[in-house]
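Reviewing the structure listed below.
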Amino acid sequence: AVAVYVACLQFLAFQHGMTIAGVYYVLSAFEPVTIVALTTIIHMAWRGPLWITVSVSTAWTLILSIVFQKVFAIPLPGGF
């Protein structure tokens with residue numbers, strides 16, 4: 001499973017820059033690939049409603065992505 005995740009980050013690599021609320025943000029393959037992987041992992045362990053699983057995965061991934069990019073200035077995998 002880890003190999004599939006890493007392969008997806010490598011082969012689906014992209015970067016899209018955008019400004020949200022006056023802050024420049026880079027969306028890369030990390031976000032969608034991680035949201036799908038995390039949703040799958042949570043759904044396998046907990047059989048709650050899918051919308052809750054997707055919401056938690058999306059929120060958690062975006063929060064961590066923003067913290068790593070803006071607070072720690074660490075580029076995320078899945079970009080160029």
With Thr61 via side chain to side chain donor-acceptor pair (under 3.5 Å) - residues at least two apart: none
Distance in Å, Thr53 OG1 paired with Met44 CE, rounded so as to fall on 0.5 Å steps: 12.0 Å
Using a 3.5 Å cut-off and no angle test, enumerate the donor-acceptor pairs between side-chain atoms of residues 32-41 and protein atoms at least two apart in sequence or in another chain.
{"residue": "Thr34", "atom": "OG1", "partner": "Tyr5", "partner atom": "OH", "Å": "2.6"}
{"residue": "Thr34", "atom": "OG1", "partner": "Phe30", "partner atom": "O", "Å": "2.6"}
{"residue": "Thr39", "atom": "OG1", "partner": "Ile35", "partner atom": "O", "Å": "2.7"}
{"residue": "Thr39", "atom": "OG1", "partner": "Ser57", "partner atom": "OG", "Å": "3.1"}
{"residue": "Thr40", "atom": "OG1", "partner": "Val36", "partner atom": "O", "Å": "2.8"}

Residue pair Gly48 / His43: nearest heavy atoms and the distance that separates them: O-CE1, 3.9 Å
Check: Lys70 side chain, Tyr24 main-chain N or O, donor-acceptor pair, under 3.5 Å: yes
Shortest non-hydrogen contact from Ser28 toward Pro77: OG-O, 3.6 Å
Hydrophobic cluster membership, Phe14 vs Met18, 4.5 Å side-chain cutoff: yes
Within one Ile-Leu-Val-Met-Phe-Trp-Tyr cluster: Leu76 and Val71, side-chain cutoff 4.5 Å: yes
Non-hydrogen atoms of Ala29 and Ala13 that approach each other most closely: CB-CA, 3.9 Å
Donor-acceptor contact below 3.5 Å, side chain Gln15 vs main chain Val26: no
Connected via hydrophobic side-chain network under 4.5 Å: Val4 and Phe11: no
Atom CH2 of Trp46: over 12 foreign heavy atoms under 6.0 Å: yes
Same cluster (ILVMFWY, side-chain, under 4.5 Å), Ile42 and Trp51: yes
Co-membership, hydrophobic cluster, residues Ile52 and Leu50, 4.5 Å side-chain: no
